[in-house]
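Given the structure is predicted, the values throughout are model-derived calculations rather than measurements. First the proteins, then the strands, lettered A, B, ... as listed; each starts at 1.
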Amino acid sequence: MGNSPIGTGGDVAQLSKFYRAGTWIEGRAEDQLTEVAGWPGMSRIAAFPDLHPGRFGPVGAAFLADRLWPQLVGPDIGCGMALFALDLPGRKLNLDRAARRLRMLEGPDDGADAALAAADIPDLTAMGLGTIGGGNHFCEVQEVAEVAPGAPLATGDLCLLVHSGSRSQGAGIFAALQGEWGAGFAPDSDAGRAYLARHDAAVRWARLNRARIADRAAQALRCQATLICDTSHNHLRETDNGWLHCKGAAEADRGLAPLAGSRDAASYLLAVTGRDPDALGALSHGAGRRYDRAAMHGRMREGRADLAAMTRNALGGRVICEDRALQVEESGRAYKNAAAVVADLAAFDLAHPLATLVPRITFKTARTGGEA
DNA sequence: ATGTAC
């Protein structure tokens with residue numbers, strides 16, 4: 001199911017859509033799918049319910065090709081979601097005190113150099129390691145609400161969801177290409193090999209970055225963070241059938257995957273089935289944007305009182321986002337309904353919810369650091 | 001996405 005080959009010509013990728021008729025998908029995102037399906041050497045595409053328009057192609061899809069397309073990965077190479085269990089019960093969380101302490105994430109990571117040296121990642125520096133960055137990135141303390149049998153978390157537990165990537169490292173790798181990817185890179189070309197090596201390093205750096213952020217957040221909260229799962233959603237890798245590019249599409253080969261909601265809506269821990277080969281081993285990574293950044297400024301009041309109210313989320317939790325534009329652009333209203341995304345994934349038997357994770361403190365950015 | 005441009 002879900003297959004809808006487009007066009008009548010021969011050289012068009014097979015497109016599989018994993019969303020149902022009632023799911024909100026922007027027309028421009030589907031136009032982009034059609035466009036990328038016609039790129040040379042593109043064989044199969046899987047599109048997921050968090051699909052939305054992006055700069056070089058749609059976000060929320062996986063693309064199988066005979067060559068490398070760096071623009072389908074984008075500048076934030078290795079960006080992903082990592083979920084950690086905290087050994088701190090939800091009933092012990094003092095929201096205001098914890099929010100104050102988490103402000104230390106704004107500062108530099110004193111352990112970055114040592115962490116990078118231990119990881120032995122070639123040709124990248126520790127600059128920015130352990131920091132969240134901007135845009136849609138965040139570090140969120142969540143409380144487990146509902147759980148399904150087999151969940152590695154229990155109701156009332158706290159966890160940490162970190163969404164971040166390779167910061168200026170991946171952006172530098174992408175920028176160095178200067179847009180000169182032509183009709184993609186042949187994997188065995190000098191340019192292709194050089195990009196792949198740098199890409200792989202950035203993917204490792206980004207995973208390390210999420211672990212550093214979680215360690216720093218746990219330190220701020222006087223507890224320990226234990227990794228549950230970490231899935232990259234901007235990367236490419238070689239498969240038996242070609243080069244798989246994931247853009248806003250999570251790795252679905254790890255049994256588990258986090259799916260981000262928004263600051264106003266629950267995230268999910270998913271059990272991944274891996275049953276449908278047309279999904280190309282990928283999966284939704286979040287709710288997906290409903291409105292682009294510019295549109296959000298036309299949709300929200302931005303007065304002092306309005307912005308002050310945004311320090312609380314819709315569920316009584318806290319939001320630390322002391323950047324005026326980002327506060328509006330990353331409002332919960334900018335995102336689609338994560339529960340509907342999860343329902344679509346379940347309907348196609350791609351993944352099923354194991355735990356519902358309610359946002360308690362969303363940390364984006366602070367103007368000043370936190371208390372010691 | 002970006003130690004955020006001219």
Side-chain angles (χ1 to χ4, degrees), chain A residues 29 32 50-61 63 69-82 104-113 115-116 123-139 161-179 181 195 198-210 212-213 216 230-236 245-250 260 262 285-289 291-294 296-297 321-330 334-335 363-369:
Chain A
Q32 288 186 327
D50 50 344
L51 193 81
H52 57 280
R55 167 92 172 79
F56 297 100
V59 181
F63 309 86
W69 293 97
Q71 66 273 55
L72 282 183
V73 175
D76 195 1
I77 302 163
C79 185
M81 303 275 176
M104 65 84 80
L105 290 171
E106 190 64 30
D109 176 7
D110 293 334
D113 286 321
L116 186 69
D123 301 328
L124 296 179
T125 74
M127 186 175 64
L129 191 64
T131 64
I132 295 166
N136 54 6
H137 293 171
F138 61 80
C139 172
L161 181 61
V162 177
H163 179 190
S164 188
S166 52
R167 309 287 282 107
S168 62
Q169 309 284 326
I173 293 165
F174 188 71
L177 303 176
Q178 298 185 290
W181 38 66
Y195 172 72
R198 291 175 183 159
H199 161 282
D200 292 352
V203 168
R204 293 180 57 207
W205 195 101
R207 230 183 271 283
L208 177 63
N209 189 35
R210 293 187 283 276
R212 290 299 311 163
I213 293 165
R216 297 180 68 207
D230 181 314
T231 55
S232 165
H233 54 245
N234 287 349
H235 62 273
L236 60 81
H245 303 65
C246 287
K247 179 61 173 176
S262 75
H285 77 304
R289 256 192 185 278
Y291 300 115
D292 66 33
R293 294 170 186 287
M296 285 310 295
H297 288 287
C321 182
E322 295 168 358
D323 176 300
R324 193 190 167 93
L326 205 56
Q327 182 66 285
V328 169
E329 292 162 7
E330 289 296 315
Y335 286 89
F363 184 92
K364 299 276 294 177
T365 184
R367 283 220 182 80
T368 56

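Among the atoms of the strands shown, none is found under 4.0 Å from any heavy atom of Gly172(A). At the heavy-atom level, Gly74(A) lies nowhere under 4.0 Å from the strands shown. Across all strands shown, Arg55(A) has no heavy atoms under 4.0 Å from either base or sugar-phosphate atoms. Within 4.0 Å (heavy atoms only), Gly128(A) reaches no atom of the nucleic acid at all.
With a 4.5 Å cut-off on side-chain heavy atoms, Ile213(A) and Phe138(A) do not count as touching.
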Notebook entry, point to check: After noting the C-alpha distance and the side-chain angles of Asp123(A) and Arg198(A), does the key distance pass the salt bridge (charged side-chain N to carboxylate O under 4.0 Å, His left out) rule?
Noted result: CA-CA 8 Å; Asp123(A) 301 328; Arg198(A) 291 175 183 159; over 6 Å; no
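Salt-bridge annotation for Arg367(A) and Glu106(A): absent, with no side-chain N of the basic residue lying under 4.0 Å from a carboxylate O of the acidic one. With salt bridges taken as basic N to acidic carboxylate O contacts below 4.0 Å, one links Glu330(A) and Arg289(A).
A 4.0 Å heavy-atom criterion places the boundary nucleotides of DNA chain B facing chain A at dA1(B) to dG3(B), written 5' to 3'.
Under the 3.5 Å distance criterion, the side-chain polar atoms of Arg207(A) are left unmatched by any main-chain donor or acceptor of Gly78(A).
Across Phe56(A), Trp69(A), Tyr195(A), a single residue satisfies ring pair (Phe, Tyr, Trp, His ring centres under 6.0 Å) together with Trp181(A), and that is Phe56(A).
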